[in-house]
Amino acid sequence: MDQRARVPVHKSRRSFSLTGAIVATAVGVLVPVLLSTSVGIVAIALGRSSESTLFGVLIICFTAAALGGATVVTVLLGRRNRLARQQADLLSNMTHELRTPLTAIRMYAQTLQMGRLDTSPDLIRQSAETIVRETEWLESSIDRVLTWRAASRDREVAVTVVEPMSNAVLGAVERFGRMLAPDEVTLTVDVQSDTPVQHDVEGVLSLVLNLLVNAYKYTGNDKRIRVALADVDGGVELRVSDNGIGMPRNEVGKIFDPFYRIDSRLRGKAAGAGLGLAIVRHHVLQHRAQIFVESTLGRGTDFMVHFPGYNLGGERQRAGE
Amino acid sequence: MTENNKLETILIVEDDRSVRDGLVLNLKLQGYRVLSANDGDEAMRMAFDAHPDLIILDIMLPGFSGLDILSELRSRNRIVPVLVLSAREKIEQKVEALELGADDYVTKPFELRELLARVDALLRRHRRFEKNDAPIAFGEVSIDPLHRKVTLGDAPVELSAKEFDLLLLLARAPGRPFDRESILNAVWGYDFDGTTRTVDNFVVSLRQKIERNPAKPKHIVTVRQIGYKLEP
């Protein structure tokens with residue numbers, strides 16, 4: 001349970017029901033194919049005339065063509081069903097994610113509207129602050145959906161600059177700070193990087209913010225999150241660490257899949273639509289960076305992103321190489 | 001502030017900090033004593049140890065879920081009223097919680113005034129219910145409604161569920177005559193297909209169990225042309 005998992009993440013994995021697929025294939029495809037092919041082979045082997053051989057060859061060809069056609073149809077149908085299911089899940093999860101801040105906003109607004117706090121200016125101010133904070137959460141949820149939509153349709157316009165990444169990282173930290181109540185999180189920021197990196201400031205801001213929100217969601221009462229940016233081997237390493245619930249080794253490979261959410265007994269209702277880390281992966285790939293995860297169950301998780309540096313000759317350098 | 005809350009304790013189980021703090025604030029303004037838990041494990045402990053008078057329970061929690069807590073409470077005969085407050089809005093999700101023993105179900109986002117009114121109503125009903133649970137005694141008979149036990153003198157009396165309900169109905173209004181139709185509706189329900197003869201049969205059986213002389217009953221007395229009443 002306490003092993004540290006270090007898994008480089010590059011591409012998506014899809015989960016499916018293996019047992020169901022095996023049973024369906026055996027019953028629906030393999031049995032008819034085997035029977036039909038056997039008839040062809042028997043016709044070729046035992047046939048004494050050229051017609052029998054031709055009949056056998058035709059049977060085998062027909063079986064092969066039918067099998068090919070069935071496979072194509074199955075793949076297309078499966079893909080369509082999966083997309084439909086993912087879309088329905090996304091809608092349902094998003095609705096759920098938007099409801100929590102909406103609940104808080106409405107409750108505090110109605111508390112003020114009912115005049116329950118009229119004798120306490122401090123409570124009025126605190127309630128207004130909570131409402132503003134919750135609108136930041138709403139905005140970040142909506143941003144995630146829009147970013148994901150643009151990314152999945154390749155319609156994202158990336159405007160790149162060549163400069164140290166400090167501005168983008170500090171921008172994300174500042175925006176994250178606006179989402180937090182006073183003393184809610186012990187946030188440590190250690191940004192020391194001079195290496196120029198060709199990057200999209202908005203993209204990196206989104207990457208860091210999504211890692212920070214992810215860290216927030218998976219930490220308990222005593223939330224401690226650290227953001228560090230440091231020069232390493234001609235590149236730059238971004239590290240976001242938390243003291244959260246961590247994850248078992250077998251989860252690490254799945255967390256970057258879109259719509260994937262960790263076991264609900266671990267997270268409660270914290271996690272949203274399962275887009276945050278998929279967006280992180282998208283920005284990582286967009287910047288030709290590499291992401292690594294170290295996690296210990298019950299202790300916390302570190303996400304490390306290695307960005308290649310940009311040298312004056314115009315050549316990108318690969319971090320950590 | 002309302003006049004009817006005598007520092008009753010409400011336990012709020014909610015893992016979202018803003019929602020939890022807002023509920024705590026509003027229920028304190030309402031005059032209640034408020035405790036809160038932000039995960040299922042802490043909530044499970046407090047639900048049993050802190051003896052709250054009402055629990056406002058979220059379903060999706062880290063650790064034990066709200067439904068785990070609800071079924072544990074009910075399986076251990078805790079009658080504390082539970083108001084489920086959840087974003088899960090499907091009919092089957094509501095039915096599941098209510099069937100597990102929730103007393104009310106409110107979906108998020110909610111209307112604050114309605115939620116506060118529902119909390120007041122649940123506590124009001126609970127107070128009446130608790131009062132109704134007080135033991136009743138007449139002659140040599142004692143009834144413990146909470147544990148559904150009856151004793152005659154020192155000896156326990158074995159009653160069927162319907163016999164007990166019939167006895168409790170009469171005993172809660174001593175001296176008041178009940179007609180057979182009302183008894184049938186109150187004990188067997190409106191959907192019951194039997195006749196008023198059923199009531200007579202159960203009265204005979206009940207008299208044999210709680211009267212010293214069933215042929216000349218002292219407590220479950222026939223009111224001619226009407227039905228029955230209980231004489232203390």
Side-chain angles (χ1 to χ4, degrees), chain A residues 92-93 95-120 122-124 126-127 129-137 179-185 216-223 244-245 261-271, chain B residues 1-2 12-32 34 36-44 56-69 84-90 92-93 106-119:
Chain A
S92 153
N93 293 336
T95 314
H96 203 95
E97 183 171 348
L98 296 177
R99 275 220 170 104
T100 304
L102 196 60
T103 300
I105 289 170
R106 182 185 279 187
M107 177 168 43
Y108 281 96
Q110 289 183 340
T111 308
L112 293 170
Q113 188 185 31
M114 286 162 71
R116 308 194 91 198
L117 308 178
D118 284 357
T119 52
S120 172
D122 270 356
L123 286 176
I124 291 177
Q126 283 170 25
S127 299
E129 283 169 0
T130 306
I131 291 174
V132 173
R133 230 172 18 242
E134 293 299 324
T135 61
E136 296 281 350
W137 280 98
M179 297 162 75
L180 306 175
D183 307 327
E184 192 175 8
V185 174
Y216 174 93
K217 285 178 172 176
Y218 292 105
T219 40
N221 292 336
D222 174 27
K223 295 178 185 297
I245 58 174
R261 304 192 309 162
I262 204 163
D263 181 3
S264 66
R265 285 191 71 81
L266 292 174
R267 67 177 154 84
K269 65 169 164 290
Chain B
M1 303 256 177
T2 56
I12 296 169
V13 182
E14 167 64 59
D15 65 337
D16 182 80
R17 178 176 163 151
S18 297
V19 176
R20 188 176 61 245
D21 289 353
L23 287 170
V24 170
L25 172 68
N26 273 289
L27 289 164
K28 278 188 176 167
L29 286 171
Q30 201 76 352
Y32 295 112
V34 185
S36 65
N38 54 14
D39 65 50
D41 299 356
E42 189 184 12
M44 186 72 95
I56 295 181
L57 186 63
D58 189 12
I59 299 287
M60 291 170 72
L61 298 164
F64 289 117
S65 78
L67 296 178
D68 294 336
I69 295 166
V84 170
L85 185 60
S86 170
R88 291 154 52 107
E89 58 174 0
K90 290 189 182 147
E92 50 275 26
Q93 293 169 332
V106 176
T107 49
K108 294 175 186 169
F110 52 85
E111 289 292 323
L112 181 61
R113 282 174 55 202
E114 182 188 343
L115 181 82
L116 295 176
R118 284 180 184 274
V119 166

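Numbers restart at 1 for each chain; the letters A, B, ... are given by sequence-line order, proteins then strands.
- Of the two parts of A:I105, neither the backbone nor the side chain holds a non-hydrogen atom closer than 4.5 Å to a non-hydrogen atom of chain B.
- Side-chain contact annotation: A:Y108 with A:Q126, donor-acceptor N/O pair under 3.5 Å absent.
- In A:D222, the CG atom is crowded: over 12 heavy atoms of neighbouring residues, nucleotides or ligands sit closer than 6.0 Å.
- One finds the CD atom of B:Q30 at 11.0 Å from the CG atom of B:L25 (value rounded to the nearest 0.5 Å).
- Residue B:R20: no heavy atom, backbone or side chain, is found under 4.5 Å from chain A.
- If you measure heavy-atom distances from B:L116 to chain A, the contacts under 4.5 Å come from the side chain alone.
- Both the backbone and the side chain of B:D21 come within contact range of chain A, each with at least one heavy atom under 4.5 Å from a heavy atom of that chain.
- No hydrogens or angles considered: a donor-acceptor pair under 3.5 Å links the side chains of B:N26 and A:R116.
- Looking at A:M114, the atoms closer than 4.5 Å to chain B (heavy atoms on both sides) all sit in the side chain, from C-beta outward.
- A donor-acceptor contact closer than 3.5 angstrom is absent between the side chains of B:E89 and B:T107.
- With sequence neighbours excluded, the residues satisfying side chain to side chain contact (heavy atoms under 4.5 Å, CB included) with B:S86 are B:D58, B:I59, B:V84, B:R88, B:Y105.
- In this structure, the portions of A:E184 lying under 4.5 Å from any heavy atom of chain B include both its backbone and its side chain.
- With a 4.5 angstrom heavy-atom cutoff, A:T111 touches chain B via backbone and side-chain atoms both.
- If you measure heavy-atom distances from A:Q110 to chain B, the contacts under 4.5 Å come from both the backbone and the side chain.
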